[in-house]
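Below, chain A is the first sequence line, B the second, and so on; all start at residue 1. Note: hydrogens, waters and symmetry copies are ignored here, and every other heavy atom, side chains too, is used.
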Number of protein chains: 2
Amino acid sequence: MRYEPRSPEVTFSALADPTRRAVLDLLRQGSQPAGRIARVFPVSRPAISKHLRVLKSARLVLEHREGRHRFYQLNAEPLKTVDSWLDQYRTFWHAQLSGLKAFVESESVREKSKVRAKKSHPRRGNSK
Amino acid sequence: MRYEPRSPEVTFSALADPTRRAVLDLLRQGSQPAGRIARVFPVSRPAISKHLRVLKSARLVLEHREGRHRFYQLNAEPLKTVDSWLDQYRTFWHAQLSGLKAFVESESVREKSKVRAKKSHPRRGNSK
DNA sequence: ATAATGTGAAACCATATGGTTACGCATATT
DNA sequence: AATATGCGTAACCATATGGTTTCACATTAT
């Protein structure tokens, strides 16, 4: 049972919506049928249905049908992607001196700023 | 120098865009002037300017003018909010048994499913 | 069988979002 | 002083997004 690594893309955009995050928060209590989830929020059931579809395609929830009910279950695994993205930044906030650090670096950058295009960055194309 | 706690809202939505995340990634190397940042990406300079404005209002970057240049500096501090949001989920992926766990919980939920509206959740209103 | 229930899909809509080009304005350069 | 640079803003545009209402479809209850 392998899951392709999945870019952070789909995860981050699924998490961008507050209602969606709240749904995940709710599901931490355990699986719930769509209708019950919907009742918690101030929006229509179809709206929640759409959010659930987004969460499902981001694999942040798993669907499991049972009669005419559809239970949605939290699947936190994709959040690991977010966590590892954050890893790259922890150092910046762990040391309170991030301000100083950045200042120093900005100095150094300004020094050699003349040229030094520093093309060393593996850019992802955010295409069309 | 106090910073209001700031809801995750603005942070998450700022991070939703891949270009914006890439800008932050770039700034981990140190402050850079807007133009230099823009040259790295396949979009126009004004587009980057807008992204920088979003990042700035999310306090994920700090601006610091210097002559006709505007240096942008990473400010990772707001990411702590994301990190603590994630905290609530770590338990779900740390134990490989999240699947089992969720299953068990779904069982229990289904048991008492009749009523138990469980209004105990501090819902944020997504207004409008 | 017939009605009721749980839920997604369709069709719309208004607003948000990300990108573009044209322009304006300081701050260097010459 | 005149020109070149760096960069944000304005005005547009097309598409994405989130919400709504109406409808269709199973599945369960009568």
Side-chain angles (χ1 to χ4, degrees), chain A residues 9-24 27 31-58 61-73 106 109-110 113-115 117 124-128, chain B residues 9-23 27 31-58 61-73 106 109-110 113-115 117 123-128:
Chain A
E9 186 53 51
V10 66
T11 308
F12 272 107
S13 66
L15 295 180
D17 185 87
T19 302
R20 241 127 53 194
R21 289 197 305 279
V23 167
L24 295 181
L27 292 181
S31 296
Q32 307 208 10
R36 187 117 88 89
I37 298 172
R39 259 180 278 124
V40 175
F41 299 89
V43 297
S44 70
R45 199 173 39 57
I48 294 298
S49 191
K50 280 191 188 180
H51 283 307
L52 287 171
R53 187 170 13 148
V54 172
L55 290 171
K56 188 169 64 179
S57 58
V61 301
L62 304 176
E63 181 191 276
H64 131 255
R65 307 188 182 188
E66 184 125 355
R68 58 184 169 183
H69 294 84
R70 295 196 186 188
F71 283 81
Y72 287 90
Q73 164 183 132
S106 87
V109 166
R110 213 169 335 138
S113 76
K114 266 296 132 54
V115 191
R124 84 282 140 317
N126 71 344
S127 58
K128 178 18 210 268
Chain B
E9 187 52 50
V10 65
T11 309
F12 272 106
S13 66
L15 295 179
D17 185 87
T19 302
R20 241 125 53 193
R21 290 198 304 278
V23 168
L27 292 181
S31 296
Q32 306 209 10
R36 186 118 88 90
I37 297 172
R39 259 180 277 124
V40 174
F41 300 89
V43 297
S44 70
R45 198 174 39 59
I48 294 298
S49 191
K50 281 191 187 180
H51 283 308
L52 288 171
R53 189 178 4 159
V54 173
L55 290 171
K56 189 168 63 179
S57 56
V61 301
L62 304 176
E63 182 190 276
H64 130 255
R65 307 188 182 188
E66 183 124 356
R68 58 184 171 184
H69 292 85
R70 295 198 185 188
F71 283 81
Y72 287 91
Q73 165 182 132
S106 88
V109 167
R110 214 168 334 138
S113 78
K114 266 295 131 55
V115 189
R123 272 285 55 68
R124 84 282 137 317
N126 69 346
S127 59
K128 187 357 193 315

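Heavy atoms of Ala34(A) sit under 4.0 angstrom from primed sugar atoms or phosphate atoms, though from no base atom. Counting any heavy atom pair closer than 4.0 Å across all strands shown, Arg65(A) reaches no nucleic acid atom.
Put simply, His69(B) has no side-chain N or O that comes within less than 4.0 Å of OP1 or OP2 on dA28(C). One finds no side-chain N or O of Ser44(B) lying less than 4.0 angstrom from the OP1 or OP2 phosphate oxygen of dG19(C). At the phosphate of dT27(C), neither OP1 nor OP2 sits under 4.0 Å from any side-chain N or O atom of Arg70(B). Distances shorter than 4.0 Å separate some side-chain N or O of Tyr72(B) from OP1 or OP2 on dG8(D).
Side-chain atoms of His51(A) lie closest to dG19(D) of the nucleotides dT21(D), dC7(D), dG19(D). Out of dT7(C), dT20(C), dT20(D), the shortest distance to the side chain of Val43(B) is found at dT20(C). Checked against dT21(D), dT7(C), dG18(D), the side chain of Arg20(A) finds its nearest nucleotide in dG18(D).
In this structure Arg21(B) satisfies the salt bridge (charged side-chain N to carboxylate O under 4.0 Å, His left out) test together with Glu9(A), sequence neighbours excluded. Among residues two or more places apart in sequence or in another chain, the ring-ring contact (aromatic ring centres under 6.0 Å, His included) test is passed with Tyr72(B) by none. A search for side chain to side chain contact (heavy atoms under 4.5 Å, CB included) contacts involving Ala47(A) returns Val43(A), Ser44(A), not counting sequence neighbours. Partners of Ala38(A) by side chain to side chain contact (heavy atoms under 4.5 Å, CB included), not counting sequence neighbours, listed by chain and number: Arg45(A), Ile48(A).
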Can you check nucleotides 26-29 of chain D for protein contacts, nitrogen or oxygen pairs under 3.5 Å, and list what you find?
| unit_1 | atom_1 | unit_2 | atom_2 | d |
| --- | --- | --- | --- | --- |
| dT27(D) | O2 | Arg68(A) | NH1 | 3.4 |

Pairs under 3.5 angstrom, nitrogen or oxygen only, protein versus nucleotides 23-25 of chain C, please.
none

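The base of dG19(D) lies close enough to the side chain of Lys50(A) for a donor and an acceptor atom to sit less than 3.5 Å apart.
Taking atom CZ of Arg53(A) as the reference point, atom P of dT17(D) lies 12 Å away to the nearest angstrom. Atom P of nucleotide dT9(D) and atom CG of Leu52(B) are separated by 11 Å, given to the nearest angstrom. To the nearest angstrom, P of dG6(D) lies 14 Å from CD of Gln32(B).
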